[in-house]
Structure formats: C-alpha cells, structure tokens
Number of protein chains: 2
Amino acid sequence: MDLQKRIERNLERAVTYATAGGNPSIMCEALKYAVFPGGARIRPRLCLAVALAAGDNAPSASDAAATAIELLHCASLVHDDLPCFDNADIRRGKPSLHTAFGETTAVLAGDALIVLAFETIARECLATPDRIGPLIGVISRAVGMPHGIIAGQAWEAEDKIDLKVYHRAKTSSLFIGATTAGAIAAGVDPQNWYRLGEALGDAFQVADDLRDCAADPDEIGKPCGQDAAHDRPNAVRELGLGGAIQRLQDLVGEAAASIPDCHGSDMLKQLILGEAKRLVPKNLATVAA
Amino acid sequence: MDLQKRIERNLERAVTYATAGGNPSIMCEALKYAVFPGGARIRPRLCLAVALAAGDNAPSASDAAATAIELLHCASLVHDDLPCFDNADIRRGKPSLHTAFGETTAVLAGDALIVLAFETIARECLATPDRIGPLIGVISRAVGMPHGIIAGQAWEAEDKIDLKVYHRAKTSSLFIGATTAGAIAAGVDPQNWYRLGEALGDAFQVADDLRDCAADPDEIGKPCGQDAAHDRPNAVRELGLGGAIQRLQDLVGEAAASIPDCHGSDMLKQLILGEAKRLVPKNLATVAA
C-alpha cells in the first residue's frame, strides 16, 4: 500500500472513532471538515517514510504516530485561522473551519483533534505497548510548551523574539516529532533521526516564507502576504529572495546527508530530494533551478 | 502527605516542565495563572482517593493521572470562558484568563494544558509503563469526542439536545475518568469504579445547576444565572429547587453504595459523604438538611 493510502485510511479510522454514535452532529461534521480533504500530508508521510526506512516492524505503531502527527497539525491550522490569530477566511482552498462552522465549534474542534491524537496512539499501539510512552513523549514535546508548535504561536505575542527559536518551535518541532516518532514506532533510536526532522523543518519554514512572499494564492489555497501584514518574521524579508532559495537548498542537502545507515536509507534520500522540489513555489522554480 | 499537598506539588511539577527555559514568557505566566490558585481540585482528589482505597501501589502513576485530569479541567475552564462560549469575565474569583491575557493566549493556553496532561502521563509513569496506554485511553475518552467534555460543550450548538446525554458528556465524563484512572493507576479493574464516577458526576452537575440558580456569586467566585441567560438546560428549571436537592442526595447515596469492597472502602465512603455536604450552596443548606 502506498504511503498516501495508508495515511488517509488511518485518519479515516481515527475520525470514525471520534464521530461514533450518540454524538453532537455539528462537531462531527467539523472534525471531518478539518481533516478531509487534506493538504500534502507531508508530516505523516515523513513519519512513515522514516519508519519504513528503519524496517517498520510495528506498522500499527507507525500508523498511529503518523495519524497523531497529522491530527495535531490539523488542530493547529484550525486554531491558527481563528479571528484572534490570523483571521484567515480560506484554508486548503475552502472556507476556514470557523468561517464554515463558527468560532465556538472551531475552538472545540481543535481541542478534540488534540485529544484524538493522543487517544489514537494509546488505542492503536496495543501490540507494542512499550512504545506508547516514548511516542507520546516526543509528539507532545513537538506540539506543547515550552518548545513545540503551541510555543511557536505563543512567541508571536512576545515583544522580543529570536527568529531561530520561533521557527524551531512553530515549524521544525513537528518535523522533528515526525522523524523521531517514526523511529520510535519502528523500534530504533530516535536520536539518530533528530537532525533529519530539524533540517527538513527549517527548510519547510523557508519554503513557507517564500510562498507567503511570492506564490500565486490559487496555487497554495490561502492568501499571501500574511507575514508582512502581521509584521511577522520571514526569511525572504531577512535574506532576500535569492538568499532564501539558497538557504532552502542547503537545508535539504543537510537533511539528506543526515540520514543514518539503514536498509532503506537510499530510498529515503531519493524521496526527500524529490519532495523538496515541490517546496519551491512554481513561479520561482526558474530562480531555484 | 495529604491529598491536597500531593495534588499541588504534582501540578507544580508539571507546569514547571511546561515553562522550562527558552520559553515564551507571557504564555508561561498564563499557564501558571490557569492552574494556580486552584478551585476545590475535586476531580484529582477523587482520582487519588480511589487509588488510595485500592492500595495505591504505584503513586507516580496515580499522581500523573490526577495531575492530567486537573490540567484538562483547567483547560476546559479557560476555553469555556472565551467570548465565543460563556464570555465570562470572572473565574475562581479573579479575571478569566482571556480577560487578563487576551483571547489568543487563552486559546493557546488551553491547547498547551491539554498536551501537557497527556505528556505528564507519558513522562511520569516510567515505573509502570504498561499503565500508560490504559490511563490515556480512559482520560482521553473522558474529555474528547464523541462522549467527553468537549462533546458536552459541542452539544450546546445542537438544536435537539438530550439533557442526560449532555450532562453525562459535559460533567460526568471527567468524574468517570477520575475514578477509572485512579483504579488503573493502582492496578485494579476500572470497570468496578465506573458507577462511582458516574453518580458523583451526575450529583456534581445537579449541584452546579443549584449554584447557578441559587448561590451567592461571592461564594462560588463567578456570576450566577448563566444557564437561564444562555437558555441552557438546568436541573432546577426541570425539577424545582426541592426536587433538585433530593436528586443530589439520592445520587450521593448511590455513589457511596457503589464503592467496591477493598481495604480502603470505608474510608472512601466517609470521604464522599463528607465532600457531598460541600456541594450544596450555603444559603440552601437549611433546605437540604
């Protein structure tokens, strides 16, 4: 089964549990709306790709980890779009969740997705119960305080902000969560997979900054220019367009070089170099070539 | 050590992890503000009381479970007070979190507390790793969709609402989470402790309805009359004042009677009958006597 099918099937399975009989129906619709149809599913793909490279000896654990990471990502998007944050009307090319369902439902849907993420790991890892604690450990660190994506969003309220610490928390932390959780799910040492997540997360943040400055809004399914509008740090504002593209390419190279020796390391290296090409917005591809 | 000291010490320990160095400082203040000083800590007290009655053979597990349950309760209060929910200015006798720190920080603080709850269980149960999955299972069911407190809040958006299903989700579910998690933490069968949580949760909901209708706002630290103002179901509106007080007393009796035989069952029974007296607002105590 290809990665995308595994991911969608397991997200469906998790959301089905959360929307079982006797439920409040509007919230059920909201949860499905938040998760499907998805974006590129880049974080769960990365999690599963690492698990596969490392042997994937407990697929139910790697599926649960990948599902949890994507649910947490979806939750962060729902809350990040709220009027008191980015006040974004559009997400993944359709009305943002609070635009479609109202703010109350959007706050609760984000909460429910966070809970469902951890519940999924506890429920699906019965064959490898010794991996539940370590998985929840790395994934909660990737999203919570003091260094996960919630901390990243919280940095936006601070007067003094270190761009590197901010990006590490807001974006890279969940990529680190994805690679280290993939490793734990496959029963190998997560420390060897930390740098891969970190470098890819940093690369993704630069790519996100490039898209925000220079992409076609129709291509990315949300408005551009949000960082300038909210006076947020952005790599293009810091390094210029050419400098940001060079930084992105350096980071992808470092990521590929960091992959530890394992039976699937060549396959994973090719996958990452291939995926990285998709990170540059189409209208900048000639600049990047 | 008495229960209250154990609870506060372990909440301090969890919040200290979440506010470790290199953090966004406003969010750290907000997390402390959300958790301290607390209310009656009734849910973690119940969780620890059950664990103690059942032998408490892994105190780090029962401490982690009690801490997680209180953190989740605090998170639900922060989000429930938001302008798009109850729009409450006052909580526990001081400005609600969004009133003190703004909406953005309040949404994120709730999210961070949810994550911290699950992280605490994963981190603190290293001596009994086989209990991590079952603990996270019952606690996530108690708070998430389709039947936990988030579902309870979500029911408020529905046109058709079954009062019993609504109260079960919004209030009783976390009491069930507290008793069953206490049992799991002590290594005994959680099913035998389900009814205790359910009956106490139902009793607490009736007491909450009584307070909303008839208490002195200074006594409970928040405004009264919110259910009528938001046209929400309330046991006093349904059963009358006398009927609601009778129902509360019946439920407490059922709770005490449901306690399974164990070395601490008599102690627990006395504790519950004693605590129940505090549930009735002071100005109704003569009606209840």
Under a 3.5 Å distance rule, please check whether Ser76(B) uses its side chain to pair with a backbone N or O of His73(B) as donor and acceptor. yes

So what's closer than 4.5 Å to chain A heavy atoms on Cys28(B): side chain, backbone, both or neither? both

Of the backbone (N, CA, C, O) and the side chain (C-beta and beyond), which part of Ser25(B) lies under 4.5 Å from a heavy atom of chain A, both, or neither? both

Qualifying residue, where the test is side chain to side chain contact (heavy atoms under 4.5 Å, CB included) with Ser62(B) and the options are Asp56(B), Asn57(B), Asn10(B): Asp56(B)

Counting C-beta onward and ignoring hydrogens, is there a side-chain heavy-atom pair between His79(B) and Leu108(A) closer than 4.5 Å? no

Heaviest contributor of heavy-atom pairs below 4.5 Å to chain B, chosen from Pro129(A), Ala151(A), Gly137(A), is Ala151(A)

Please determine whether side-chain contact (heavy atoms from CB on, under 4.5 Å) holds for the pair Val188(B) and Trp193(B), giving the CA-CA distance in whole Å, both sets of side-chain angles, and the decisive distance to 0.1 Å. CA-CA 9 Å; Val188(B) 301; Trp193(B) 296 89; 3.8 Å; yes

Which atoms of Ile26(A) are under 4.5 Å from chain B, going by heavy atoms: the side chain, the backbone, both sets, or neither? both

For each of Tyr17(A), Phe85(A), Trp155(A), tally heavy-atom pairs with chain B at distances under 4.5 Å, and name the one with the top tally. Trp155(A)

Under 4.5 Å from a heavy atom of chain A, the part of Leu82(B) involved: side chain

With a 4.5 angstrom heavy-atom cut-off, is it the side chain or the backbone of Tyr166(A) that approaches chain B, or both, or neither? neither

Take Asp209(B) and Gln205(B) through the test side-chain hydrogen bond (donor to acceptor under 3.5 Å, both in side chains) and record every step on the way to the result. CA-CA 6 Å; Asp209(B) 289 358; Gln205(B) 179 61 51; 2.8 Å; yes

Which bit of Phe101(B) comes within less than 4.5 Å of chain A, counting heavy atoms only: side chain, backbone, both or neither? neither

Selection from Ile136(A), Leu116(A), Thr105(A), Ile161(A) maximising heavy-atom pairs under 4.5 Å formed with chain B: Ile136(A)

Chain B contact via Leu113(A) - side chain, backbone, both or neither, heavy atoms under 4.5 Å: neither

Report which part of Asp111(B) has an atom under 4.5 Å of a heavy atom belonging to chain A: side chain, backbone, both, or neither. both

Among Arg141(B), Arg123(B), Glu156(B), Lys160(B), which has the most heavy-atom pairs under 4.5 Å with chain A? Arg141(B)

Counting heavy-atom pairs under 4.5 Å with chain A, the top scorer among Gly110(B), Ala169(B), Gly144(B), Gly22(B) is Gly22(B)

At a 4.5 Å cut-off on heavy atoms, which part of Ile121(B) comes close to chain A: side chain, backbone, both, or neither? neither

Verdict with supporting geometry, Arg13(A) and Glu124(A), side-chain contact (heavy atoms from CB on, under 4.5 Å): CA-CA 10 Å; Arg13(A) 183 176 161 90; Glu124(A) 301 291 352; 2.9 Å; yes

So Asp89(B) and Ser96(B), side-chain hydrogen bond (donor to acceptor under 3.5 Å, both in side chains) or not? Walk me through it. CA-CA 5 Å; Asp89(B) 295 335; Ser96(B) 56; 5.2 Å; no

Mind checking whether Phe118(B) and Ser140(A) have side chains closer than 4.5 Å, heavy atoms only? no

Can you tell me how far CG of Leu97(B) sits from CD of Glu29(B), rounded to the nearest 0.5 angstrom? 11.0 Å

